[in-house]
Amino acid sequence: MTLGFAEIALPVPMRGHFDYLLPEGMVPCIGARVLVPFGRRQLVGIVMRCKSASDMPTDKLRAVDTLLDEESVVSQLFLDWLSWASQYYQHPLGDILFTALPVNLRKGLTQDALQKAWQLTDKGQQFDPQDLKRAAKQQALLIALKPGPQLHQTLSEHYSAAIFRALEEKDLIEATNLAVKAKLDWPEHISLAEQPRPNLEQSLAISAIAHQNETFRCFLLEGVTGSGKTEVYLQAIEPLLRQGKQVLILVPEIGLTPQTVRRFQLRFGLDVGILHSGLTDNERMQVWRQARSGELGIVIGTRSAIFTPMKNPGMIIVDEEHDGSYKQQDGWRYHARDMAVVRARLENIPLLLGSATPSLESLNNALTDKYQHLLLRQRAGQAKPVQHQLLDLKGQQLEYGLAQGMRNRIQAHLQQGNQVMLFINRRGYAPALICHQCGFVEECRRCDRSYTLHRGMNKLQCHHCGDAKHIPHSCQQCGASSMQPVGLGTEQLEQGIASLFPGYPAARIDSDSARGKQKLHQLLEDINQGNYQLLIGTQILAKGHHFPNVSLVVILDVDGALFSADYRAAEKLAQLITQVAGRAGRAHIQGELWLQTHHPSHPLLQDLLNNGYQHFARLALKERRFAALPPFSYQALFRAESNHAAQAHDFLLQVRQLLSPGPEMAAIGPIPALMEKRQGRYRMQLLLQSTLRTGIQQQLNRLMPQIEKLPLANKVRWSLDMDPQDFT
Ligand code: ADP
Ligand code: ZN
């Protein structure tokens, strides 16, 4: 039976595969790339299946133009993995496959490693080298090429560029390309650098991992900053590397510094493959190829490095697993940590998640024994712990969001020549309404949650039940007419700093100013050189960097997180505070961390400051359980944007009407997004929540095709986000 048809996955925003005819004699393997006609274009596609018949009439089918690969670019295991993702994230597989491939492969370029080489021309084959007696070097090169082509790299050790040119001009040799053989002997070249003796907790962690490093198992390594987590990674992977097994390490976007990479290089004396957004397509391709052929023992990269294939996988490590940069925020909205869990299970290898401030999701998995919990409670270094303090904002005169006492403190630290770090908490963007005199917060009576202020609609709205009301002019509790949105002034802070502290140079670090690896690197370098004394930043500053000269950290807007409609805001704030406290200051400078709040006695704040993140996180988990919020329920978020508010709203309303809500699934909305208008577009959301993952999945499987057919689906910009992390 001939397999004359192929199902091809294409990078188009449509579900399902496309049938094509296979020309006589073309036998592609599964996962190979082909060029196919699509409309008036030609696209690169991936062969999912070959078959003997198609449901489509044969005369309607077009034929595959070209087979690009002898060997597949996507393994069967990756196809299974990504097909799972397509189902789970309700996203077209074609788009997922192409997201997972390096750009060069998406464009149809070759997957083979080719290197410049030289060979004899026909004339060169006939030529007698004796005739070149007076040019000994040229003669030697001709003789060297007699047996066949050779790599330029090897030849150039013996022959200068002039020799090649001379023979090329005589038409005796010509340039060509040769495939290079993978060098797989790196395990023999491991040379272990000196390493510290692990302390007791580290030893326990290392041996727990060593006991189960042959099969799938998830570990959560929860260790305070500086407790030696990286040291545990290093010692845990050593036995695997010695067996020739490869290790993939994910780090947050901003955590991939030369220091991190160097630590792994130096420990084992091996080349480390590095993957981040600053690479060229060719550099990226090279790491992909070397990892797949087994040439690299260690690959370190940011989010999308999770798609790096490994010939002989040994372990995946996700460092700072709580970090928000692991979640893709547009297109296919995958979470690299969650993708890592599924991949490790399919590859049957261990997965090691590490963090000083684990996400509540992972912590819950550890506390319920789904993951093995490894704890490091002591700091390995000797930096003094940072002192935490609260500043009560009630009734204070604020300038650019800073109370008088705080401004004085900042001045004092600057005068001593130290650095001061100011945090603006953008997660608390959509503010609650708070009374500046007494701290009263407008709350929804049904949900005991603060209302969210929507200026555009001139309304307060509850993001938990959708209830809305007018904005009150005075405080219900004390009668003062000083109701104001929390977080006021943060926007102006950046401009205000210069006038408040003239003469002290300030650096702003956020995702805009830190774009591009070089730029960020330079900025961090300048900061540690002391070129700036004031550092203004968002969460991004709390990731993986040490700021030894910072003696004062101020978080301006704690209330924004305490009363945010985003239930993750408190968790993120606690992670920020803990991470910053762990990185500022060093042995001889006593660091201070100040939080400005109208609610100094808020239980979450008190718990965090008195008992630390580990205690806080366990308490926060209890609250989540009580409120049936993730990880005790599952969420999917529909977003819609339009220039016409009514269209975005109506689209989501129609989606809602298609749902069949039951006791196991709630639908909240449509309500405005936290940031209800951006770039002139109105933004609405519809949140699905269920205590059963399958509850949401089943409905979506049934509904997505219907939703895509809604007339408004083509008029508004809409998307679906599984396990949403961000509600702005
Ligand atoms: P983390 O990854 O938890 O922030 P690191 O592994 O970077 O911690 O360790 C912090 C510092 O302590 C590093 O300088 C590291 O070399 C050192 N360190 C880690 N473990 C030990 C140990 N057992 N003995 C001595 N120093 C250690
Ligand atoms: Zn409510």
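Start at 1 and go down the list; that is how both ligands and their atoms are numbered.
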At a 4.0 Å threshold, what atoms of ligand 1 neighbour a non-hydrogen atom of E231?
6 (O), 19 (C), 20 (N)
Strictly distance-based, threshold 3.5 Å: is any side-chain N or O of R217 a donor or acceptor partner for the main-chain N or O of N213?
no
Take every heavy atom of S227, measure it against each atom of ligand 1, and state whether any distance is under 4.0 Å.
yes
Which of the numbered atoms in ligand 1 are below 4.0 angstrom from a heavy atom of R197?
22 (C), 23 (N), 24 (N)
Determine the minimum heavy-atom distance between L402 and R407, stating which atoms define it.
O-NH1, 2.6 Å
Does the side chain of I190 reach to within under 4.5 Å of the side chain of E238, using non-hydrogen atoms?
no
Looking only at heavy atoms, the pair that brings Y613 and T357 closest together is CE2-CA, 3.3 Å
Within a distance under 4.0 Å of any heavy atom of K229, pick out the atoms of ligand 1 and give their elements.
1 (P), 2 (O), 3 (O), 6 (O), 8 (O)
Under 4.5 Å between any side-chain heavy atoms of L595 and I577, yes or no?
yes
How does Q202 reach ligand 1, if at all, at less than 4.0 Å between non-hydrogen atoms: by side chain, backbone, both, or neither?
side chain
Below 4.0 angstrom from a heavy atom of P198, which ligand 1 atoms are there? Numbered from 1 as shown, please.
23 (N)
Which of the atoms in ligand 1, numbered in the order shown and given with their element, are less than 4.0 Å from a heavy-atom of N199?
23 (N)
Using a 4.0 Å heavy-atom threshold (strictly under), name the region of R263 that reaches ligand 1: side chain, backbone, both or neither.
side chain
Below 3.5 angstrom, do we get any N/O pair linking G228 and ligand 1?
yes
Near-ring test F268/W186, centroid separation under 6.0 angstrom:
no
Is the ring centre of Y567 less than 6.0 Å from the ring centre of F727?
yes
